[in-house]
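In what follows, every chain begins at residue 1, and chains take the letters A, B, ... in the order their sequences are listed.
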Amino acid sequence: MPLERRFSLAGKKTMVIGAETPAGGAIARAYAEAGADVALCALTADDAVMRARAVKRDIEAMGRKATEYVMDVTLGKNVQVTTRQIAKELGGLDAVASAPDLFLAKPIGKTTDMELARVLAMNFSSQFFVVRTAAEEFRRAGRPGRIVLVSSILHERGMMDVAAYSAAHGAVAGLVRAAGHELAHENITVNAIALGWMDWMDDRLSPGDENAGRARRFPMLHRLGRAEDVGPLALLLSGEASAPYITGQVLAVDGGVTQHQ
Amino acid sequence: MIEDLALDGKAVVITGGSHGIGRAIALACASAGAGIVIAARGQERIDATVATIREAGGRAIGLATDVTDRAQVEALVEGCVREYGKIDAMFAHAGGSAGGLNSDKPFWEFPDEAYEAAILGNLTSSFYTCRAAARAMVAQGTGGSIVVTATAGALRASQRWSYGTAKGGVTAMTKMLSGRLGPQGIRCNCLIPGMIWTNEDPTEQERAVSDQRGVFTPAGRVGVPADFGALGVYLASDASSYVTGQQFLVDGGMVNGGVAPPFYKPHHEI
């Protein structure tokens, strides 16, 4: 099989949730580059829409079709209704990537019920809704489907003051393994990309903090991750021909930081 | 429940049992009632450990053993059976990275001799030890507990090319044994020490180094041999009879972190 065909998304209908985030944007661009039409869902109706629009312009410049939506991923019904609309307007759905991200740095004792609920809703429940709805769409069409969830290496690692966030991503990892198993017989694969320290993560690696500077040196490859590091793996996991036998996996794009000791 | 942790009437062998972690496990198992066999290379330290156990009212013998020699390992197990009538637990703890195994050369220039010595002293020796113990446990029909020591260093990237590779093999071996020896009533688990300070009488300078390293574990200190005593008793006892194929990390939380300095606190509110 020629290389282009192996990684091709030509004619495929794809959806990227959190398209305004650096990881989501990179995945959307990768999908378009591989020939897919892409529905871009911004997570909030504020300047996120403008950032998603920049991705849209890039995709249109590649000669692919891009449409934009706002999706409140904290509401299962909204994920379902918007996805239905997208599948109708695109004329199908073959792959869904989802990259919501809400970081919180707080000691356990200071984390309020509301904060815990928000962190779990944005980082985990949203991904559950995406899997549930995407599987429903793939099932409706009777076609194979690909689901890629963007998660964090903190799903398997601890550090100070990230208990809520870490737990939410631990839940995503559990979801990926169970959903990968449950949906495999329908030819639907579910995988996650666990991000390490990425160059946009000033929220968790404050540039002014000396110890954050140390953490930045932990990746084996001695640099922070970039958005374009995420696209190729998402593409691999999203093609019909490229990874039909990979499912239930949480794969790190972290420059080897989880190999640090 | 607590009576399940008693080791009265059990026979426990510890290779590398005359020093550090192995010695701590030996002392703990002896105080829990087990008859102990201390295996190590140096007779002097064996005698000292055996004497310590006996002085405390415990039962112990010492057998000088080079675990890289198959015949000596088999003689060790036979020695345990001769003394106590059986073998209930084997701690394949002997191993190490001393003696030129940690060549400071880059990987692409790493010498064969250093690689082979580490494999022999850590992986092959553990294989011999487990095999001899399993054979005796199957023959006596009662099963038993096999515990092999790896190292947290092998779970992550390090420059201990040969030692880390050998210990990685050890963790894989315990999984295989646990999967296949269950029907014979043999369980096999892996003990994984983190940064452990085995020097019992450190100089001022050594203590400063250990304090400094301790900062890099979430627990805020390096481990000491005594941290392994209770776990050793548990793994040798009937209390762990349904536990197999597990990795027991004793590392103060070190391996669980590793993505940032343990004391680093991010700042971000929502």
Sub-4.5 Å side-chain heavy-atom contact between [X] and [Y]:
X	Y	value
B:Pro266	A:Met159	yes
A:Phe103	B:Glu269	no
A:Phe218	B:Val259	no

Crowded around [X] [atom1]? As in, over 12 foreign heavy atoms under 6.0 Å?
X	atom1	value
A:Arg132	CZ	yes
A:His181	NE2	no
A:Tyr69	OH	yes
A:Phe128	CZ	no

Using heavy-atom distances under 4.5 Å, tell me whether A:Arg118 contacts chain B through its side chain, its backbone, both, or neither.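 For A:Arg118, the contact with chain B is made by the side chain alone.
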Under 4.5 Å heavy-atom distance to chain B, tell me which part of A:Ile153 shows up: side chain, backbone, both or neither.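 Just the side chain, heavy atoms under 4.5 Å.
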Looking at [options], which one has more heavy-atom pairs under 4.5 Å with chain B than the rest?
options	value
A:Glu156, A:Glu210, A:Lys106	A:Lys106
A:Asp203, A:Asp161, A:Leu102	A:Asp203
A:Pro219, A:Pro107, A:Ala215, A:Gly256	A:Ala215

When rounded to the nearest 0.5 angstrom, what distance separates [atom1] in [X] from [atom2] in [Y]?
X	Y	atom1	atom2	value
B:Ile270	A:Met114	CD1	CE	9.0 Å
A:Asp202	B:His268	CG	NE2	10.5 Å
A:Leu205	B:Tyr264	CG	OH	5.0 Å

Ignoring hydrogens, what is the shortest heavy-atom contact between [X] and [Y]? Give both atom names and the distance.
X	Y	value
B:Phe263	A:Asn211	CE1-OD1, 3.2 Å
A:Arg214	B:Pro261	CB-CG, 3.7 Å
B:Arg156	A:Gln259	CB-O, 3.2 Å

So, the part of B:Pro262 with a heavy atom under 4.5 Å from chain A: the answer is backbone
